[in-house]
Amino acid sequence: MPMTSRRVLMLAPLGVAAAGGLGFYAMLRGLGTGEYDPHGVPSALVGRTPPEFSLPPLVPSGLPLLASADLQNLEGPVLVNFWASWCVPCVVEHPQLMRLKREGVAVYGVNYKDKPEAAMAFLARHGNPFQRLGRDEPGRVAIDWGVYGVPETYFVDRKGVIRWRWAGPITPEVLEQDVRALLRHYA
Amino acid sequence: MRRLLLALALLAVWLPLALAVSSPSEMLPDPAQEQRAQEIGRQLRCLVCQNESIEDSHADLARDLRHIVRERVAAGDSDAAVIDYLHARYGDFVLLRPPFNLLTAALWGMPVLALGGGLAAILLLRRRGAAPEPLPLSAEEQARLAALEKDPAE
């Protein structure tokens, strides 16, 4: 057998193993940094405008309702946050939403599959970060947005295009790293 | 006997799970439409539990999606239109059978690659041919072989 083909035969499995190892390393690294999430459902709406919808207000809150018309020709970027009073991670992310409100960022809320009194009690206890608040009791508008669990937050730029979606609570890290960068970029 | 009992106990646990999927209240009155809705639902992934179809899942969202599938079927949508409806909202992830595109090319191409690689290896090995014929024995070796073959008892 000629020397070169023998060497190739010996190196080929090594090469395959090395490529596999590199891929595995990249996967683990991605899992560590959060860039790769095998359970994450990428949003089909990023780069598109929100679906047509109109949600009734949470009457006792006195906040204006939320409809797709409110997400067109905006003065600045808007965060649309799907939340519920029964959702534990929503409690975790609430201080970050309150902080965004204090900084003057427009946060619109969608109250998902919730009872009005429970939602009111949640806002009374944790504070109200929302400029507008729609009630999605049947959860159909959430499905039109591609929501698969609360909390979920969408970043809509001033042209009314969805630029980013975060499934899960907005932790202080997500606020500092992702939301601030988006706010700067789409200011 | 104990094994049988264990198997029966396991079955008793699993059976309701397998059947509780569509409670009669969720089902369409027309059996043909219900059959179609179930076939469509089995192709759609539950986004909460992820390794189950929406027909198999107990998650609230799966129940809502089953309801939407039945609503679209009852409204006269084709199977493809119903699947497109959810695909537009949840992307490729909602399809249990991933579509062929740039991202999934490696996934779909892997069997072809593996088969092609195997065939190429076989052809390469064949072309190299059988091992060369061994050299004939020298006179010295023939003599030694004859000596070894001789029965010592003779």
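Labels below follow one simple rule: chain letters A, B, ... track the order of the sequence lines, proteins then strands, and each chain is numbered from 1.
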Checklist outcome for this item: Turns out that what part of A:L45 lies under 4.5 Å from chain B's heavy atoms comes down to side chain
Checklist outcome for this item: Whatever's closer than 4.5 Å to a heavy atom in chain B on A:P51 counts as neither
Checklist entry - Tracing side-chain links under 4.5 Å among I, L, V, M, F, W and Y, which residues wind up in one group with A:M27? => result A:F24, A:L28, A:L31, A:Y36
Whether over 12 other heavy atoms sit under 6.0 Å from [X] [atom1]:
{"X": "A:R180", "atom1": "CZ", "result": "yes"}
{"X": "A:E103", "atom1": "CD", "result": "yes"}
{"X": "A:N73", "atom1": "CG", "result": "no"}
{"X": "B:R42", "atom1": "CZ", "result": "yes"}
{"X": "A:E117", "atom1": "CD", "result": "yes"}
{"X": "B:H87", "atom1": "NE2", "result": "yes"}

Item to check | Nearest non-hydrogen partners of A:Y148 and B:L47, listed with the distance | outcome: CD1-O, 3.5 Å
Item to check | Heavy-atom pair with the smallest gap, counting every atom of B:A88 and A:A44 | outcome: O-CB, 3.6 Å
Next on the checklist: I need the B:D64 CG to A:K113 NZ distance, nearest 0.5 Å.
Outcome noted: 3.0 Å
Determine whether [X] and [Y] make a side-chain contact, defined as any pair of heavy atoms from C-beta on separated by less than 4.5 Å.
{"X": "A:V41", "Y": "B:R45", "result": "no"}
{"X": "B:R89", "Y": "A:V147", "result": "no"}
{"X": "A:R140", "Y": "B:I68", "result": "yes"}
{"X": "B:Y85", "Y": "A:D144", "result": "yes"}

